[in-house]
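The first residue of the sequence shown is numbered 1, and numbering continues consecutively from there. Because the structure is a prediction, the values reported are computed rather than measured.
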Amino acid sequence: MIVLEIYSDPVCPWCFIGKARLDRALESRPDHPFDVRWLPFQLNPDMPAEGMARSDYMAMKFGDAQGILDAHKPIIDAAENTGLTLDLPAITRTPNTLNAHRLIHWAGLEGRQTAMVSTLFRAYFQQGRDIGDDATLLALAETVGLDRALIARLLDSDADRDIIAAADRDARARGISGVPFFIIDQQYAVSGAQPVETWRNIIDELDLSE
């Protein structure tokens, strides 16, 4: 197997779109060689622990209503072309994603990492749930088969905060400034939400090179 490392953030719409496109490529190449691993990158590392109102965040980042619409349009268009339905108006808070990344890390220890990532994306972008809220994270963890009581104890502690912080620092030290960002076999970098066909071509080229 070839390790495919994916740096992403659960509040990054292009990460959700990029994952959907990669998933379609992998489904069309069931014998693909990838061992997928998800790594943390916080788009808003200085976000308050409690997050902030989505309206305030969007105004701060994009200005007036027209600026927000202009920022959303390419995302909505790309999602629709990928077969994803987003409910952006349902999002009322922009969270700090540290605990969501810890949850992804713990899910990885149980072999449920990709399922956890998918669940977080759907919860945020299609259901408008606050994935910075511990009660929400516990409910989502339970849906992928993680032990609710164990996750509750971990969330109530500082467990693995240092691991997430170190991985995020490592990403930035490698020159990664945006996500999604893919690293194939520790050698080849692919940036952005690439089209399905690009991933199919990559998989086919890897097969030919074996």
Side-chain angles (χ1 to χ4, degrees), residues 1-26 32-49 51-52 57-58 60-62 71-72 74-75 78-79 82 84 86 91 94-109 112-125 131-132 137 160-203 205-206:
M1 299 296 287
I2 295 174
V3 174
L4 175 59
E5 296 173 303
I6 307 175
Y7 284 93
S8 75
D9 196 354
V11 295
C12 166
W14 291 108
C15 294
F16 190 19
I17 293 165
K19 180 185 181 301
R21 292 174 175 176
L22 173 62
D23 286 346
R24 285 177 58 188
L26 297 182
H32 70 82
F34 288 140
D35 173 14
V36 177
R37 301 178 188 178
W38 295 87
L39 298 173
F41 186 97
Q42 283 193 276
L43 288 175
N44 303 297
D46 298 322
M47 178 67 63
M52 66 188 299
Y57 174 77
M58 296 301 289
M60 181 177 67
K61 190 167 183 179
F62 300 112
H72 278 169
I75 292 169
T82 305
L84 285 177
L86 307 182
I91 302 172
T94 297
N96 181 303
T97 56
L98 173 60
N99 283 342
H101 282 298
R102 288 205 292 163
L103 187 56
I104 292 168
H105 171 69
W106 298 326
L109 300 178
R112 296 178 172 88
Q113 193 178 42
T114 295
M116 191 74 258
V117 169
S118 298
T119 297
L120 286 164
F121 278 140
R122 288 194 299 268
Y124 188 68
F125 287 109
I131 60 170
L137 292 176
D160 299 326
R161 286 174 178 260
D162 55 340
I163 290 176
I164 302 305
D168 189 282
R169 285 196 304 271
D170 180 64
R172 296 173 199 275
R174 297 170 87 169
I176 299 171
S177 58
V179 285
F181 196 92
F182 307 82
I183 299 178
I184 302 169
D185 199 26
Q186 289 287 313
Q187 299 181 65
Y188 310 106
V190 179
S191 178
Q194 295 295 325
V196 176
E197 196 57 36
T198 296
W199 281 113
R200 286 179 181 146
N201 291 338
I202 290 171
I203 294 168
E205 288 174 10
L206 289 170

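- Listed here is the closest heavy atom pair of V11 and P13: O-CD, 3.4 Å.
- Judged by distance alone, the side chain of N96 and the main-chain N or O of G51 form no donor-acceptor pair under 3.5 Å.
- In this structure, the side chains of S8 and F41 stay at 4.5 Å or more apart for every pair of heavy atoms.
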Verdict with supporting geometry, L137 and L120, side chain to side chain contact (heavy atoms under 4.5 Å, CB included): CA-CA 8 Å; L137 292 176; L120 286 164; 3.8 Å; yes

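- Contact of the I202 side chain with the Y188 side chain is not registered, since no non-hydrogen atoms from C-beta on lie closer than 4.5 Å.
- Using a 4.5 Å heavy-atom threshold, the side chains of R21 and Q194 count as separate.
- From D160, atom CG reaches atom NE2 of H105 across 4.0 Å, with rounding to the nearest 0.5 Å.
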The test is side chain to side chain contact (heavy atoms under 4.5 Å, CB included); show your working for R122 and T119 and say whether it passes. CA-CA 5 Å; R122 288 194 299 268; T119 297; 3.5 Å; yes

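- Taking the six-membered ring for Trp, F181 and W14 have ring centres at least 6.0 Å apart.
- Smallest separation of non-hydrogen atoms from I17 and A79: CD1-N, 3.9 Å.
- Side-chain atoms of R172 never come within 3.5 Å of backbone atoms of S177 as a donor-acceptor pair (strictly under, hydrogens ignored).
- Using a 4.5 Å cut-off on side-chain heavy atoms (C-beta onward), I183 and R174 make contact.
- Closest approach of L84 and A20 over heavy atoms only: CD1-CB, 3.7 Å.
- Residues I6 and V36 are in side-chain contact: their nearest non-hydrogen atoms beyond the backbone lie under 4.5 Å apart.
- The six-membered or imidazole ring of F121 lies near that of F16, with a centre-to-centre distance under 6.0 Å.
- Side-chain contact between Y124 and P10: absent, with no pair of heavy atoms (C-beta onward) separated by less than 4.5 Å.
- Rounded to the nearest 0.5 Å, atoms OG1 (T97) and CD1 (I131) are 7.0 Å apart.
- The closest side-chain donor-acceptor pair between K19 and S118 falls under 3.5 angstrom.
- Interatomic distance, H32 NE2 to L4 CG, rounded to the nearest 0.5 Å: 9.5 Å.
- The CD1 atom of I203 lies 10.0 Å from the CD1 atom of I2; values are rounded to the nearest 0.5 Å.
- Under the side chain to side chain contact (heavy atoms under 4.5 Å, CB included) rule, F34 has a single partner from D185, V3, L206, which is L206.
- You'll find the side chain of I104 stays beyond 4.5 Å of the side chain of P40, heavy atoms only.
- Here F62 contributes atom CZ and Y57 contributes atom OH; the two are 6.5 Å apart, rounded to the nearest 0.5 Å.
- Looking at H101 and D9, their side chains do bring a donor and an acceptor atom within 3.5 Å of each other.
- The main-chain N or O of A166 is never found under 3.5 Å from a side-chain atom of D170 such that the two would form a donor-acceptor pair.
- Checking T114 against W38 by side-chain atom types alone, a donor-acceptor pair falls below 3.5 Å.
- To the nearest 0.5 angstrom, N44 atom CG is 6.0 Å from K61 atom NZ.
- M47 places none of its side-chain heavy atoms less than 4.5 Å from the side chain of Q42.
- When every heavy atom of R24 is checked against every heavy atom of R200, the shortest pair comes out as O-NH2, 4.4 Å.
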